[in-house]
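Structure record follows, encoded as structure tokens.
Only heavy atoms go into these numbers, but all of them, side chains included; no hydrogens, no water, no symmetry mates. Lettering follows sequence order; numbering is per chain, from 1.
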There are 2 protein chains.
Amino acid sequence: MTHYRSGCPIASTLDIVGDKWSLLLLRAMVVGATSYSDFLAAPEKISTNILAERLRRLEAAGLIVRVHPRHGSNRGVYALTERGAALLPALQELARWGEAHLPDRWAAPERFYAARPEDFGAGREPSSG
Amino acid sequence: MTHYRSGCPIASTLDIVGDKWSLLLLRAMVVGATSYSDFLAAPEKISTNILAERLRRLEAAGLIVRVHPRHGSNRGVYALTERGAALLPALQELARWGEAHLPDRWAAPERFYAARPEDFGAGREPSSG
DNA sequence: GATTCTTACTTGCATTTTGCAAGTAAGAAC
DNA sequence: GTTCTTACTTGCAAAATGCAAGTAAGAATC
């Protein structure tokens, strides 16, 4: 249960994902991260305690799901939910701003801007037919 | 001088405005806040030390400008720069997500979604002719 | 033109969040 | 069955945020 600072939808969204790391974890998932070690490999170097806690929070908030491929396996796999993938447009706008207004930033990969929320969403794989 | 966690444009943008308050201050300006006391009146109740420090940071980052209407006046006026106003699309996406995915949030005012970056920008008032 | 009010802060300290380094537990590889 | 990898937890240090009170200077009031 998150405590909201106000009813404002921006403030409330930030109360969920407005910490120092959550949006970067979602970004990583958009470009393919699925495991704990994938997140650790990101260039920003999140520490392990924060990562574990943040994954729990994002799962509790329904933005990601955790799947253990085989029962009892230590190798977990994380995926975006529809709700989590719906933050993609916000991520894209933040990226666009950074590229346009900050010096010497990397260009986000083409597939990042090309991605759509519908491309993700656990349990809702786009059918090919 | 901000220290960037990485070259990623999302991470870098968040290194500038990804704290608990900056985006809410920009939001307030989009809907008309111009003075220190306007910011304090926002429903999230920022404390005065944080507000003063954040306004300095946003000014240093070139997202807002501080104008003292008459020389030596204590009544300061803040305005979005072009750079600051360029974050509007990101704010709008965050708001959309909150309205769509969180329960019982306020609806942002029409003029918030209708606003365009070009409507703002200190020293660049849209000419009427 | 002195008192009071308002605006815009600063300061000091408590609390919360984040960061770092080390340790652990369990399955997978060899 | 020992070693490696993955996925964490724990303890403590540091940084960010929050709260309450104080301050300084212009603006309004008398």
Legend entry - B:R54 side chain near D:dT17 phosphate (N/O to OP1/OP2, under 4.0 Å): yes

Legend entry - Sub-4.5 Å side-chain heavy-atom contact between A:L51 and A:L25: yes

Legend entry - Any donor-acceptor pair under 3.5 Å from A:E99 side chain to B:P9 backbone: no

Inset, instruction - Could you check how far NE2 of A:H3 sits from P of C:dT16, rounded to whole Å? - result: 13 Å

Legend entry - Contacting residues from residues 15-29 of chain B, given that a heavy atom lies under 4.0 angstrom of DNA chain C: none

Legend entry - Interatomic distance, A:L14 CG vs D:dA16 P [rounded to whole Å]: 18 Å

Inset, instruction - In whole angstrom, give the distance that lies between atom CD1 of A:I50 and atom P of D:dA16. - result: 13 Å

Inset, instruction - Please report the closest heavy-atom contact between A:I16 and A:S22, naming both atoms and the distance. - result: O-OG, 4.2 Å

Inset, instruction - Might you point out which heavy atoms bring A:S47 and A:N49 nearest each other, and give the distance in Å? - result: OG-OD1, 2.9 Å

Inset, instruction - Rounded to the nearest angstrom, tell me the gap between atom CD1 in B:I46 and atom C1' in D:dG18. - result: 10 Å

Inset, instruction - Give the rounded distance in Å between these two atoms: CD of A:E44 and C1' of C:dT18. - result: 15 Å

Legend entry - A:E93/A:R96 salt bridge by N-O under 4.0 Å criterion: yes

Inset, instruction - Following the transitive rule for hydrophobic clusters with a side-chain heavy-atom cut-off under 4.5 Å over Ile, Leu, Val, Met, Phe, Trp and Tyr, establish whether B:W106 and B:M29 coincide in one cluster. - result: no

Inset, instruction - Return yes when atom CZ of A:R116 has more than 12 non-hydrogen atoms of other residues, nucleotides or ligands closer than 6.0 Å, and no otherwise. - result: no

Inset, instruction - Using salt bridge (Lys or Arg N to Asp or Glu O under 4.0 Å) as the criterion, list what pairs up with A:E44, not counting sequence neighbours. - result: A:R27

Legend entry - B/S/- contact track for nucleotides 1-12 of chain D, protein heavy atom under 4.0 Å: -----BSBBBB-

